[in-house]
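Let me begin by presenting the structure, written as structure tokens, before commenting on it.
On a predicted model such as this, the values are computed, not experimentally measured, just so you know. Numbering of ligands and ligand atoms starts at 1, following listing order.
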Amino acid sequence: MRKPFIGGNWKMNTDGKNAVELAKGVAQGCAGVIDKVDVSVCPPFVYLSAVKQALGSSNIGLGAQNVYFEAKGAFTGEVSCQMLKDVGCKDVLIGHSERRHVIKETDALINKKLIAAIEASLLPIFCVGELLEERKAGKTEQVVKEQIQKGMAGISVEKAKAVTIAYEPVWAIGTGVNATPNQAQEVHLMIRQLIASMYNKDFAAQIRIQYGGSAKPDNAAELMTQPDIDGLLVGGASLKADDFTAIVKAAAPVKK
Ligand code: PEP
């Protein structure tokens with residue numbers, strides 16, 4: 001059975017005070033369901049330590065939004081896996097669409113980051129998803145397959161067990177237009193079948209695949225009823241403790 005996993009990607013939002021308040025609100029709000037759902041929040045780097053402290057003993061995971069693959073050295077502005085571990089991170093987002101399309105990260109770079117994160121015992125949330133024009137051109141499957149094949153190249157099944165995949169159609173991120181549950185399910189099933197062909201059926205049945213893209217309290221439950229949607233990666237709605245908590249609660253009863 002795959003335990004639901006809800007992640008909150010705060011992106012480049014909050015300030016020090018607000019980040020701590022938000023973390024406390026999420027910790028309080030999720031207290032009754034945290035045994036049924038895995039929950040992580042991903043604040044900006046500079047607030048990781050403060051948020052870790054604010055989360056206290058809540059069992060809510062701390063995640064970073066990015067990481068660099070090198071261990072240390074002359075990489076100005078970058079942050080290593082060990083640094084993330086030092087401040088209490090469990091998870092790390094890798095390959096988020098804003099890093100792919102705004103910062104221009106390549107599949108090859110994302111692959112190096114995934115390998116480094118796994119080696120450091122971080123749990124990557126590996127994001128993939130097609131642009132609107134790619135969907136319109138009927139290329140969704142091709143794009144997502146290529147991102148996964150290149151991103152996970154050289155990663156053994158044992159190592160891949162650390163990974164959660166987040167399918168995030170770029171046209172749904174921050175737009176208010178979520179993929180319909182059927183649209184999302186179609187891609188999630190394709191991803192699971194791809195993982196079965198790259199690895200094996202048992203592992204494909206275990207790996208968690210989150211959906212991300214305008215997930216909200218009023219669409220979370222329906223998305224989560226889909227057989228291959230195991231969780232949600234939430235951007236905008238993770239910035240309000242009540243909304244994020246409502247999404248976590250909507251995911252809690254779902255068993256797969
Ligand atoms: C995201 O940033 O991963 C995301 C899904 O954003 P939003 O929920 O705002 O669409």
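Under 4.0 Å from ligand 1, heavy atoms of Ile173 appear from its side chain as well as its backbone.
Asp230 places a side-chain N or O within donor-acceptor distance of the main-chain N or O of Ile209, the cut-off being under 3.5 Å. The closest donor-acceptor contact from the side chain of Tyr211 to the backbone of Gly213 lies under 3.5 Å. Remark: side-chain polar atoms of Glu168 are not paired, donor with acceptor, to backbone N or O of Ile173 under 3.5 angstrom. Side chain of Gln147 to main chain of Gly129: a donor-acceptor pair is present (N/O by atom type, distance under 3.5 Å, no hydrogens or angles).
One finds no salt bridge joining Arg100 and Glu105 here, because no Lys/Arg side-chain nitrogen approaches an Asp/Glu carboxylate oxygen to under 4.0 Å. Between Lys139 and Glu133 no salt bridge is recorded (no basic side-chain N to carboxylate O distance below 4.0 Å).
With hydrogens left out, the protein atom closest to atom 8 (O) of ligand 1 is Gly235 N, 2.8 Å, a heavy atom. The protein atom (non-hydrogen) at minimum distance from atom 1 (C) of ligand 1 is His96 NE2, 3.3 Å. Scanning the protein for heavy atoms near atom 5 (C) of ligand 1, the closest one is Glu168 OE2, 3.0 Å. If you check which protein heavy atom lies closest to atom 9 (O) of ligand 1, you get Gly236 N, 2.8 Å.
Residue Gly174 approaches ligand 1 through these ligand atoms, each under 4.0 Å from one of its heavy atoms: 7 (P), 9 (O), 10 (O). Of all the atoms in ligand 1, the ones that sit under 4.0 Å from a non-hydrogen atom of Asn9 are 1 (C), 2 (O), 3 (O).
Of the N or O atoms in Thr175, none lie within a sub-3.5 Å distance of an N or O in ligand 1. Geometrically, ligand 1 and Gly213 share no nitrogen or oxygen pair separated by less than 3.5 Å.
The aromatic rings of Tyr68 and Phe75 lie tilted to each other, with the angle between the two planes from 30° to 60°.
For Ala172, the closest heavy-atom approach to ligand 1 falls below 4.0 Å.
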